[in-house]
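Step one of this worksheet: look at the structure below.
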Amino acid sequence: LNDFSKDEIEQMINLARKIKKEAKAREFTPYLKDQKLAMIFEKSSTRTRVSFDVGMNELGGHALFLNSRDIQLGRGEQVKDTARVISRMCDLIMARVNRHETLIELAEFSRVPVINGLSDKFHPVQLMADLMTIAECGIETPKIKAAYVGDGQAGVDAMNSVEPGRA
C-alpha cells in the first residue's frame, strides 16, 4: 500500500464499495473484461482463492489458479523466469507467498502489476478489506491504527502436529 497515496487508497475503497453494491444487485460491470489473473499460491487460502476467482469472473475476467505443486516457482525455475513467463501471458499476478522477497522479485521482473495476496511482512488485501468495512461502518479512517502480526497459519500447523492431550 506504500505505492499509493491516501487519496488513491480512498478511491480504490470507494470503487470497491460501488462494485460490492452492484454485485449485491446482480449488476456486473465487466471492468476487467478479458483480463487474465495468475493466482500464485505458495500458501493456501480458501477466502483469498474464492474471492479473487469469483471477483475476476464477476468483473469479466478469468483467474488461473497456480499452486506450488503446479509450478516450479523457486524450485526448478527461478522466480524471475516465472515472472517473465506469466507476465507475457497474463494481465495481472496475485501472489500469496512464504517470503516477501519472492513477491519483490516477482514484481521486479514482471511486465504486469503484482498484487500481494499475503507475504510474511504484509497483507495489504486484507487491510484494504478491513478499511472498506470500517468505511461502511462510518468510522473515520484517520482514527484507526492497524498492525499486521503475521499469518496465523504457522501457529495452527504447530497445534495440529501436537498429539491430543500433549499441547
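Basis for what follows: all heavy atoms, side chains included, without hydrogens, waters or symmetry-related copies.
If you take CZ on R17 and OG1 on T133, they are separated by 9.5 Å, rounding to the nearest 0.5 Å. For the atom pair M94 CE and N116 CG, the distance stands at 9.5 Å (nearest 0.5 Å).
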Checklist entry - Would M39 and M56 satisfy side chain to side chain contact (heavy atoms under 4.5 Å, CB included), going step by step from the backbone distance to the final call? => result CA-CA 11 Å; M39 302 186 301; M56 281 301 290; over 6 Å; no
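Closest approach of M132 to A16, counting heavy atoms only: SD-CB, 3.5 Å.
Within the 4.5 Å cutoff, no side-chain heavy atoms of L32 are placed close to those of L37. No side-chain heavy atom of I86 sits less than 4.5 Å from a side-chain heavy atom of L64. Between L59 and I19, the closest side-chain pair of non-hydrogen atoms falls below 4.5 Å.
For S51, there are no side chain to side chain contact (heavy atoms under 4.5 Å, CB included) partners two or more places apart in sequence or in a different chain. By the side chain to side chain contact (heavy atoms under 4.5 Å, CB included) test, L127 is found to be paired with L1, L131, A146, residues two or more places apart in sequence or in another chain being considered.
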Side-chain donor-acceptor distances from residues 99-115 under 3.5 Å, at least two apart:
unit_1	atom_1	unit_2	atom_2	d
H100	ND1	S119	OG	2.8
S110	OG	V112	N	3.0
S110	OG	V112	O	2.8

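For D130 and Q126, the side-chain atoms include at least one donor-acceptor pair closer than 3.5 Å.
Not one N or O on the side chain of R96 forms a donor-acceptor pair closer than 3.5 Å with the backbone of L118. Judged purely by atom type and a 3.5 angstrom limit, N14 uses its side chain to pair as donor or acceptor with the backbone of E10.
Atom CZ of F4 is surrounded by 12 or fewer heavy atoms from other residues, nucleotides or ligands within 6.0 Å.
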